[in-house]
Each structure stands twice: as structure tokens, then as C-alpha cells.
Amino acid sequence: MAATVPRLRFAPSPTGYLHVGGARTALFNWLYAKKFGGQFLLRIEDTDKARSTDESTRAIFEGLTWLGLHWDEDVVYQGANVERNRDDAYRMLANDTAYRCFCTQAELAERRAAAEARGESFRYDRRCDRLDRAEIDRRVADGVPFTLRFRVPEGSTSWDDLVHGEIAFPNKDIEDFIILRTDGTPIYNMAVVSDDIFMRITLVMRGDDHISNTPKQILLYRALGAELPTFAHLPMIHGLDGKKLSKRHGATAVGDYQHLGILPGAMLNFLALLGWSPGHDIEVMTLARMVELFDTEGLQKKAAIFDPKKLEWMNGQHLSLMPAAELATIVTPALEAAGLATAADLAARRDWYLALLELLKVRARTTDDIVRQAAPYLADAITYDAEAEAKQWKDRPGTAKLLGEVRRALASLGAWEPAAMEEALRSLAERMGFGDKAGKIFQPLRVALTGLGVSPGIFDVLVMLGRDRALGRIDSAVRRLAGPAV
RNA sequence: GGCGGUAUCGUCUAGGGGACUAGGACACGGCCCUCUCAAGGCUGGAACACGGGUUCGAAUCCCGUUACCGCUACCA
């Protein structure tokens, strides 16, 4: 038979922000679709009106868009499908795979409580399935409210899960579950199956918290005479304490990481490695590379713990690899937001700006780090780090004198370029009796130039600052050194 | 409780009967590089949950135990 085009969907419920676990599920679905030339669809499961919000729906769109996980076709809103879902449920009533249940919620709750009190587990006893035809007709005619229950057949239900292999459930452990509420709206499993059939989904890839829903859904597919999709159940993501990831663990929404200065590519890379291994000790990958390497064989069965430290490292790797021009599109808005520069200003001296990013990205782990580190090169005034000042400017009169010498040496330079600076400063160190310990000069100078104890190489700093500003910073430092120690 | 799932360094993982004195990465320590910090290189400590089998041989296969997770709603 002809190879069918895979169709997958990511089906989040809009009850919060896009969670990292959801993002990873979306990623694997997306990767599979791309890898095998299929489609990646998005379905918003908004049938729980009480908990669903438009804001959450927007957050899901924004999260996926930020990550670059674009979906095919129009977004499907589950809530818009209740009529078709109901029709499907009634088809099951018609073909006798489902039946009307007149038990009320209160009665059910009571029986459940009674069973629990006896230490037994409650299972619906099918009493309404034993009602005779006339009684059913009478109640329906009287307008007695009813739900539709699926009649679970004998036997056992199993499937070959793409990540777990064979999984089987004895049907006797599945009760006759409700598929349609009294008000005619579908219950989750009904809606999912009805929609997945309608959307022609061929591979259902979702969190493994759905494993026990799967046999019920398979039974529904059969009752509806539909072809079964393949199932793949992905492990969960836990927090550092091994518990299910929640608000207590800090940032859990992908949007949080965006605001923390994490790159979407790094986020995706990190998430991919949480539950999937490309093998061959490969760690850092672009999205395109992930598509090439993706394979369900590498999918993990075990829940993974979200380690923010590794995410940061991963982000640093992606930062180093990213071309400055590309990085600029992310950093520029952040610089503007921080009030350090305007896009127009940066565009006017683009080469200089890109060179600066090139220098900063290596020692940054987040784009926020870059913004912080860029301040001395963009702002007119600098703030002095107390620790750096205390350490490098211990002998204030001596440092003032030293910086004066440095200024003279630098000011006399014919060309403002690194080789000349290095030669001048190293020979100055020699003359001042520091021998080859030119760091004795570089360190105090670094503080004078940037206000910080750490920065890119001192000659790079000098070049980025430019002659006038660099000399001006030294002058300011000398003035500051004349004052009292802080 | 019932049912289902899972189990390799602290964490993410490689491993799919002999190549394992168990490999890589994050984190941690040391060294190198060096004007600081990163990056990079080298290096150290650190794991097959436990018990039975199967086999000439088990991290790898089977069973049990334990632990953890999920489901067990007219939630999704």
C-alpha cells in the first residue's frame, strides 16, 4: 500500500502558558512531521470552558511561534466540534456499542462513596444496560436526562507503542465510561477520538500520562469503524526534586525562558535531549540537524529532570555559534528596552556593533548577560563595581599615577590599534618594574575603562571604546582616584 | 487499593549477551592556556535499585521485590 503522509497534532488545553513539557511534546511531533514529510497540526482543546482562556490560547501560539514550531493548516478548536463529536457518540448508540445511562451524578457519587467505605473500588455496574427496551423508551419520552456510556467488550486491548513497545490492558479493568454528558457535550476521550479521526491523524504522540486513556480510545476507534493511528507515549519532565514540574520549580513556561535571555534554538536543543538521544554523543544541534537525526528509536521511556544549569550551558553554546548579525536581531530590542541604545544608533555603526557582539557572546550564557556586559561600550558613564575597584585600585595614589602613565603612552600612539597598544603598554610595564607582569597595568586599566573586573581582552576593549572615550574614561578614573575610597 | 508505566554517575544520556577495568555531556575539583572572565584543552571523583533465574558469559533477556510516576470524574 502506498506510504501515507504522516499527520500529527499537538493538542494542548489552553489553561495556562505553554509549559516546557508541552513544548517538548510539540517539538517531537514537529520533528517527526518534518523528518517524514508529514503535517504538524495544532488543536486547542478548549472544551473545558471553565478553565480555558483566550489568553492561554494566545500564549500557546506565541510560545510555539517563538520556538519556530510552525503548524500546518488552520488551528482546530475542539470546542467547535461538539456537534460532530455528539453525532459520533450517537452513531455508537445506533450501532449498539454504547447505551443510555440514567444514573445521576449524585447517585454515582453516593455509590462510589459507599464502595470506598467498604474498601472496594467502584466500577459502574452496568445497571442501565440491563434496562428493557420499554423502560428506556418510557424514560426518554419522559425526558429523563441521560448520558451515553460506552459498552466495553470482553477481551483485552493492546497496541504497539512507538516508545514502549507492546502495552496491553485487560478490558475487565476498564469500566463502561461515559462518552457523552447529560447536556450532550462529549467527554475528553470521545472528543479526542472523534477529532483525531476527523483530522486524519496517523500518529498520536503525547505525554505518557495518557497511556491509560489509550485502550479506551482504541475501543472507540473500533466502535466507530475507524482505522487506528499509531501511538507514541513520551515520558514526563520533572523538576530538580524529581517531582512533576510545577510552579514551585520556578520558570516552567517557555515564555519565562524567552524573558530570561534564552535562545529558542537552545531551548529546543535542550528539550530535545530531555527524552531523546541522537546517539554518537551529539549534544549541540540546530533545529535542522535535529530533523536530520530524529528517530523514534532514540526516544526515552524514563521521565527526565529539568536541569536549568544545563540549559544555560546549552544556551552559551548556541550563543557562541550564532552569527553576530543574527544575534543582533535578538539583542537590539533588549538593548533598546534597557535604554542603552537605539536601533537607529546601532544600525549607523553596524560593523562596530557586530564586532562588539562577537566579543561578548563568547563569555555570555544568556542574551541578558550580553546586555549587561554591553553597557560600558554604549553608555556615556559607567558604574564602578565596588569589588573590582577595591581589589584593583587598592593603592589609590599609586593607581592614579599608573593610569596617568598609561594615558600618556596610549595618547602618544600614532594608530589606535591593538599591536601598537600592546607594545606600548608592555614596555611601560617593563619600565615601571613589573617585568612581564603586564597584568599589573591591564587590571587597573580594565576597571578604569569598564568599571568591571572582567571584560573582553583589554586591547579589544580599548578598540571598541575608541580613543576619545577610552582616554576620557582614564581621566574620569584618575579624578575618581583623587577622591576618597568608596 | 486496582490497573498501567519506569528503573545506568547528583542530572541528561551511550549501551540493545562477550568490544565494559561501563563511554559522552552538565555540574563539581585540579592542571594548562592567560591581562581578567569566558571559551578551549587535559584531568579527578562519581552509576548498571535489589533478589532470583536463563546462558559458557548479563548493564543488556525472563520473573519477583522495592522505589518513583501516571490513570482510576458527566476534568482535559
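The chains referred to below are lettered A, B, ... by the order of the sequence lines, with proteins before strands, and numbering in each begins at 1. FYI, side chains are in, hydrogens and waters are out, and symmetry mates aren't considered; it's all heavy atoms of this structure.
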Inset, instruction - Determine, for nucleotides 2-9 of chain B in 5'-to-3' order, which nucleotides have protein heavy atoms under 4.0 Å from the base (write B), from only the sugar-phosphate (write S), or from neither (write -). - result: -SSSSSS-
Inset, instruction - Starting at atom CZ of Phe442(A), determine the distance to atom C1' of C35(B), rounded to an integer number of angstrom. - result: 5 Å
Inset, instruction - Kindly indicate whether the side chain of Glu283(A) and the base of G24(B) share any N or O donor-acceptor pair separated by less than 3.5 Å? - result: yes
Could I get a table of every N or O pair under 3.5 Å where one atom is in the protein and the other is in nucleotides 63-68 of chain B?
none

Legend entry - Nearest listed nucleotide, side chain of Ala304(A), among C12(B), A73(B), U11(B): C12(B)
Legend entry - Nearest-Å distance for atom pair CZ/C1', residues Arg372(A) and C37(B): 14 Å
Legend entry - Rounded distance (Å) that lies between atom P of G70(B) and atom CG of Asn213(A): 14 Å
Legend entry - Phosphate OP1/OP2 of A73(B) contacted by Arg112(A) side-chain N/O (<4.0 Å): yes
Legend entry - Pairwise C1' distance for A22(B) and U13(B), with rounding to whole Å: 13 Å
Inset, instruction - State whether Arg365(A) places a side-chain N or O below 4.0 Å from either non-bridging phosphate oxygen (OP1 or OP2) of A27(B). - result: yes
Inset, instruction - Once you apply the 3.5 Å cut-off to both distances, tell me the Watson-Crick or G-U wobble partner of C31(B), or none. - result: G41(B)
Legend entry - Whole-Å gap separating C1' (A25(B)) and CE (Met285(A)): 11 Å
Legend entry - Atom P, compared across A73(B) and G10(B): separation rounded to whole Å: 38 Å
Inset, instruction - With C1' as the reference atom in both, quote the distance from A49(B) to A59(B) in angstrom, rounded to an integer. - result: 12 Å
Legend entry - Rounded distance in Å - NZ (Lys310(A)) to P (C12(B)): 10 Å
Inset, instruction - Could you measure between the two C1' atoms, the one in G23(B) and the one in U60(B), and give it in whole Å? - result: 15 Å
Inset, instruction - Report the residue (Arg363(A) or Trp313(A)) whose heavy-atom-nearest nucleotide on RNA chain B is the more 5′ of the two. - result: Trp313(A)
Inset, instruction - Taking only Lys NZ, Arg NE, NH1 and NH2, and the carboxylate oxygens of Asp or Glu, determine whether Arg480(A) and Glu389(A) approach each other closer than 4.0 Å. - result: yes
Legend entry - Aromatic ring proximity Tyr257(A)/Phe306(A), centre distance under 6.0 Å: yes
Inset, instruction - By nearest nucleotide on RNA chain B, pick out whichever of Asp460(A) and Gly275(A) is the more 5' one. - result: Gly275(A)
Inset, instruction - Verify ring-ring contact (aromatic ring centres under 6.0 Å, His included) between Phe459(A) and Phe442(A), making sure each step is shown before the conclusion. - result: CA-CA 9 Å; Phe459(A) 309 113; Phe442(A) 298 161; 5.4 Å; yes
Inset, instruction - Using a cut-off of strictly less than 4.0 Å, decide whether Thr47(A) has a side-chain nitrogen or oxygen near OP1 or OP2 of A76(B). - result: yes
Inset, instruction - Round to the nearest Å and state the distance from His210(A) atom NE2 to A76(B) atom C1'. - result: 7 Å
Inset, instruction - Grab the CD-P distance between Gln78(A) and A76(B) for me, whole Å please. - result: 8 Å
